[in-house]
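This report concerns only the one structure given below.
Note on naming: letters A, B, ... go to the chains in the order of the sequence lines (proteins, then strands), and numbering restarts at 1 for each one. Just so you know, these numbers use all the heavy atoms, side chains as well, and skip hydrogens, waters and symmetry mates.
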Number of protein chains: 2
Amino acid sequence: MTDRLPHPLRSDALDNRERILDAARALFATEGLNVPMREIARHAGVGPATLYRRFPTKQMLATEAFADEMRACHVLVEEGLAEPDPWRGFCLVIEKTCELHARSRGFTEAFMSTFPEAMDFAAERAYALRSIAELANRAKDAGHLRPDFVLDDLILMLMANRGIHTISKTARVAASRRFAALVIQAFRASPQHSPLPPVARLSPAAPGKVM
Amino acid sequence: MTDRLPHPLRSDALDNRERILDAARALFATEGLNVPMREIARHAGVGPATLYRRFPTKQMLATEAFADEMRACHVLVEEGLAEPDPWRGFCLVIEKTCELHARSRGFTEAFMSTFPEAMDFAAERAYALRSIAELANRAKDAGHLRPDFVLDDLILMLMANRGIHTISKTARVAASRRFAALVIQAFRASPQHSPLPPVARLSPAAPGKVM
DNA sequence: AGCCAACCGGACGGGGGCGTCCGTTAGCGT
DNA sequence: ACGCTAACGGACGCCCCCGTCCGGTTGGCT
């Protein structure tokens with residue numbers, strides 16, 4: 001599940017690889033994607049060359065390091081879709097997504113910023129967005145989601161949730177929980193809401209050099 | 001209104017000073033506070049030494065560069081307070097604040113992150129928050145703002161609004177307008193909202209090195 | 001046990017930002 | 001018109017990060 005045929009990797013190499021991934025996960029989570037490669041290497045007790053040998057580019061490292069989160073994201077969306085009540089499913093997805101993103105600063109950055117080069121995340125992200133759009137439409141039909149909701153609003157919320165990455169981790173997941181609740185309140189259909197200002201195209205987001 | 005007595009500044013020096021501030025405003029707005037000092041100098045058509053002579057630290061430069069925004073922020077809050085309907089005033093403050101922050105990435109960073117060292121912004125920020133708290137209480141009493149709103153929720157929203165700084169400026173102010181509308185919807189008192197998750201302490205925000 | 005290839009990490013050169021020094025230029029007061 | 005001095009900016013040394021090369025080490029197979 002990890003590598004292809006070319007080399008089964010020697011035992012010490014495989015051990016290092018694992019320690020590198022652990023260090024990367026920890027540092028990406030707390031510091032974001034901008035941690036120096038060498039810092040990761042140091043933290044893993046490994047020379048810079050070894051790090052570069054295993055993961056020639058930071059992108060490849062990030063892809064492997066965030067595989068778990070990526071899977072969690074996929075699962076979370078499917079759970080939302082499976083929920084019989086679409087509005088409940090929609091809420092679940094928002095809550096879980098906010099929490100997931102609150103837990104790792106690096107994951108948020110990787111997930112949000114369509115990478116400079118092609119990124120495996122893009123496909124997964126597209127899948128998630130498509131599924132949520134489906135869910136949103138069902139929730140609208142059921143009359144629980146405000147009719148003027150558009151998918152870009154969700155992206156807006158994800159970008160916004162990204163903004164809370166300036167506080168300690170514990171406070172952050174608490175904050176993002178409350179944030180999710182407020183977001184849900186904002187999206188809930190209500191007799192008293194006034195028309196929303198027009199949407200802005202967000203999708204071709206220029207991420208401005210993340211890696 | 002600009003400098004103290006020690007030196008009335010020579011004409012060319014004053015001219016350079018002005019061009020530096022212009023460049024700083026432009027670059028801070030688009031690139032954020034992390035632009036290299038030299039880039040500002042280059043953009044102003046000035047040597048690095050001149051820049052450092054006028055503004056020994058980036059913090060001083062930022063303080064001067066954002067004086068207008070700071071004033072605008074002050075005025076905006078006072079307008080909100082002056083509004084006869086507190087809920088309307090509250091909404092106005094949110095809308096205007098979001099727009100103000102959407103217009104300059106650097107201002108958001110400066111305003112939000114209690115600077116590493118003491119910052120003149122802190123006082124202004126404290127004033128704004130105090131005033132908004134006052135406004136919020138009035139809006140609660142009038143029954144338009146949800147009773148479980150706390151000031152930290154507003155900070156949360158500001159931090160979130162900061163998250164949208166990854167898109168082009170035009171799209172950004174549109175996005176932040178819509179964001180503000182959604183935020184207002186989230187804060188409005190409503191019979192159907194469920195209890196919010198507990199707040200997290202945000203104020204002693206560890207900004208993690210901004211300058 | 002012994003060998004070989006896979007693997008390791010220290011060291012190197014390049015690039016960029018930082019804050020400061022100093023020889024030169026030019027504003028301004030007489 | 002002249003000179004004094006504030007003001008200028010190119011150049012310097014420092015540090016950190018980047019990605020790669022190479023001589024020494026060690027796992028694993030025979």
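Judged by distance alone, the side chain of Arg178(B) and the main-chain N or O of Pro198(A) form no donor-acceptor pair under 3.5 Å. In this structure, Glu83(B) contributes its side chain and Arg88(B) its backbone to no donor-acceptor pair below 3.5 Å.
Regarding contacts with the backbone of dC8(C), every side-chain N or O of Arg10(A) stays at 4.0 angstrom or more from both OP1 and OP2. Note on Arg53(B): a side-chain N or O is less than 4.0 Å away from OP1 or OP2 of dC8(D). Within the 4.0 Å cut-off from OP1 or OP2 of dC8(C), at least one side-chain nitrogen or oxygen of Asn16(A) is found.
Ring geometry, Phe107(A) versus His101(A): the interplanar angle falls from 30° to 60°, so the pair is classed tilted.
A residue-by-residue look at Pro36(B) and Asp12(B) shows that Pro36(B) has its nearest nucleotide of DNA chain C further toward the 5' end. Residues Ala13(B) and Arg38(B) each lie close to DNA chain D; by heavy-atom proximity, the contact nearer the 5' end of the strand is made by Ala13(B).
Taking the ring centroids of Phe121(B) and Phe111(B), they lie at or beyond the 6.0 Å cut-off.
Separating the OG1 atom in Thr97(A) from the CE atom in Met157(A) is a distance of 13.5 Å, to the nearest 0.5 Å.
Straight-line distance from the CG atom of Leu9(B) to the C1' atom of dC28(C): 14 Å, rounded to whole Å.
Contacts of Glu99(B) classified as side chain to side chain donor-acceptor pair (under 3.5 Å), with partners at least two apart in sequence or in another chain: Arg103(B), Arg177(B).
In the region residues 44-52 of chain B, proximity to DNA chain D at under 4.0 angstrom, judged on heavy atoms, holds for Gly45(B), Val46(B), Gly47(B), Ala49(B), Thr50(B).
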